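This report concerns only the one structure given below.
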Amino acid sequence: MARFIVASTPIFGHIEPMRVVAADLVRRGHSVTFLTGTTYEDAVERTGSTFVPLLGNADLTPERLARVQSEQSAIAPGPARVEHGLRSTIIDAVPEQFAALQRIFAQHLEEPIVVIHETLFGGAWPILLGAPGLRPRGVVGVGVIPLTLNSIDTAPFSFALPPDSSPEGRQRNRALIDQGMQALAPAQAYFESVLRRLGAVREPPFILDAMTLLTDRYLQLTIPSLEYPRGDAPAGLRFVGALPPAPQEWSVLPEWWPDVLRAERVVVVTQGTISNKDYGELIEPTLRALAGTDVLVVATLGRAANITSLPGNARVAPFVPFDALLPHTDVLVTNGGYGGAQLALGHGVPLVLAGVSEDKAEVTARVAWAGAGINLATQTPDEASIRNAVDAVLNTPRYRARARELQLEYARHDALGAIHATIADMLRDDRNSNP
């Protein structure tokens, strides 16, 4: 019997989709070990998986992650900030991730093992680059952020530019790729030095490419219409649609839920689960911008908190289950979390987006490029911009029409089925090649 190791960087937005994957594998009768940070032991065990903790630099506790984010926000936008993020959340974690995987492999020598990891987890990279140690039967990457893979057909990740495969566009793309690789040369050199210390003998790809290329298969959690086309994409890359949301303990509807059911038009605003420390960035200006209008505004805060001076047409809760809320939503105003934006589009809901932190500049750019929303391209939009964008999305039919087209495309995919089928094919191919 095979054993599956689900591995995730301990960041909430990365853990949650991998919890869904792990729970599905358990439901199908498989043995699953879940490797992640100590903070998430209870959440992992609720999936039915066996929890194994990451230690040392790989254990990004909330306190450590908050410190990293604070340090990063103090650095001016640009290569230095990106380098800090790569070092602190990815590269420095690789040695302990690698060691933890090796310990698990050693405990299950009689079982074929497949590793299924999210985008940022690099613990399998050393062994795939020739480091000594035990090797799994296969490694499957699951893309929980937009593709970071460089391509001649689009600008590099972090530039938030639309794709362009024309001769002029490809010239632009080549220049920007060169610029980006030169700017991140120190991070790449550090990345290579860490891998060499672990025994890797083959040179790794550029780190933003490695996230996709250093896997046997890479399954991107989106649909083709929400990712820039790449004529030079690797054969192992597949788009599998979006996952269903993870079951939540806070699924009880708020007492004002009947107001949602009675409202003619509902606008939801959220800052997600990471960039929600300062509601003055998006939630509060949205509440003020839409105060006194003929819409019901629902703000989901992402944590236990209060909003003062709440307008009469607004309702607030720490959490509201989106699978219940989105079918009644006309517009989602969001800072651009990847999972939340896709969940909205999976319900046919158009968006107004305002976020540039983490991967959000790329998420917001893709939604606007796909025609399903308006990107305000800032972390702190003013009230007039929010009001005008919401009015435009509410009153311009093409946004809703495009969101519903994408909804149909999502419905044609089964992400969990595709992940399971990929693993099964990998094990079957291995048996056939090793009679």
Side-chain angles (χ1 to χ4, degrees), residues 245 248-337 340-341 343-355 360 364 367 372-400 403-404:
Q248 301 293 345
E249 290 70 33
W250 36 264
S251 59
V252 177
L253 295 171
E255 60 181 13
W256 42 258
W257 182 249
D259 295 343
V260 173
L261 303 181
R262 288 191 295 265
E264 291 188 13
R265 299 199 291 185
V266 175
V267 174
V268 175
V269 58
T270 180
Q271 287 182 211
T273 56
I274 295 179
S275 298
N276 66 4
K277 302 301 183 288
D278 180 6
Y279 296 135
E281 290 183 348
L282 185 59
I283 287 179
E284 290 175 342
T286 298
L287 294 175
R288 292 193 298 268
L290 302 180
T293 63
D294 62 351
V295 301
L296 180 71
V297 184
V298 174
T300 65
L301 303 181
R303 57 185 173 88
N306 294 311
I307 297 288
T308 58
S309 303
L310 196 65
N313 66 329
R315 305 291 182 269
V316 172
F319 303 98
V320 181
F322 265 31
D323 55 345
L325 181 57
L326 287 172
H328 305 284
T329 301
D330 295 278
V331 178
L332 175 66
V333 181
T334 173
N335 57 359
L343 189 59
L345 293 173
H347 284 81
V349 178
L351 301 103
V352 170
L353 305 114
K360 293 178 174 59
T364 57
V367 173
I374 293 176
N375 181 15
L376 298 179
T378 177
Q379 194 78 9
T380 54
D382 58 52
E383 295 171 27
S385 297
I386 296 170
R387 183 168 52 252
N388 292 338
V390 170
D391 286 345
V393 173
L394 283 173
N395 298 307
T396 307
R398 64 181 172 87
Y399 292 111
R400 170 68 74 168
R404 287 178 172 165

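Model, not experiment: these values are computed from the prediction.
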Quick one: closest heavy-atom pair of [X] and [Y], and the distance?
X	Y	value
Pro311	Leu287	CG-O, 3.6 Å
Gly340	Leu332	O-CD2, 4.1 Å
Ala403	Pro350	CB-N, 3.8 Å
Thr293	Ala289	CG2-O, 4.5 Å
Trp256	Val316	NE1-O, 3.4 Å
Ala372	Leu345	CB-CD2, 3.6 Å

Point-to-point distance, once rounded to the nearest 0.5 Å, from OG1 of Thr364 to CG of Asn375: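 The CG atom of Asn375 is 3.5 Å from OG1 of Thr364, to the nearest 0.5 Å.
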Interatomic spacing from OG1 in Thr380 to CG in Asp278 - rounded to 0.5 Å: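 One finds 9.5 Å between OG1 of Thr380 and CG of Asp278.
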Results of side-chain hydrogen bond (donor to acceptor under 3.5 Å, both in side chains) for Asp382 - residues two or more places apart only: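 For Asp382 the side-chain hydrogen bond (donor to acceptor under 3.5 Å, both in side chains) partners, ignoring immediate neighbours, are Ser385.
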side-chain hydrogen bond (donor to acceptor under 3.5 Å, both in side chains) against Arg288, all qualifying residues, sequence neighbours excluded: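 By the side-chain hydrogen bond (donor to acceptor under 3.5 Å, both in side chains) rule, Arg288 matches Glu383.
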With a 4.5 Å limit on heavy-atom distance, are the side chains of [X] and [Y] in contact?
X	Y	value
Val268	Val333	no
Asp330	Val349	no
Leu326	Leu343	yes
Leu325	Val298	yes
Phe319	Thr300	no
Leu376	Ile386	yes
Thr329	Val267	no
Val390	Leu290	yes

Verify, without hydrogens or angle tests, whether [X] (side chain) and [Y] (backbone) share a donor-acceptor contact under 3.5 angstrom.
X	Y	answer
Tyr279	Leu301	yes
Thr396	Val393	no
Asn313	Val295	yes
Arg400	Val331	no
Asp259	Leu296	no

Full working for side-chain contact (heavy atoms from CB on, under 4.5 Å) between Asp294 and Glu264: CA-CA 8 Å; Asp294 62 351; Glu264 291 188 13; over 6 Å; no
Residue from Glu281, Gln271, Lys360 passing side-chain hydrogen bond (donor to acceptor under 3.5 Å, both in side chains) with Gln379: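 Of Glu281, Gln271, Lys360, side-chain hydrogen bond (donor to acceptor under 3.5 Å, both in side chains) with Gln379 is met by Glu281 alone.
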Chi angles and distances behind the side-chain contact (heavy atoms from CB on, under 4.5 Å) call for Arg262, Trp257: CA-CA 9 Å; Arg262 288 191 295 265; Trp257 182 249; over 6 Å; no
Working for side-chain contact (heavy atoms from CB on, under 4.5 Å), residues Arg315 and Val297: CA-CA 6 Å; Arg315 305 291 182 269; Val297 184; over 6 Å; no
Verdict with reasoning, Tyr399 to Leu351, per side-chain contact (heavy atoms from CB on, under 4.5 Å): CA-CA 8 Å; Tyr399 292 111; Leu351 301 103; over 6 Å; no
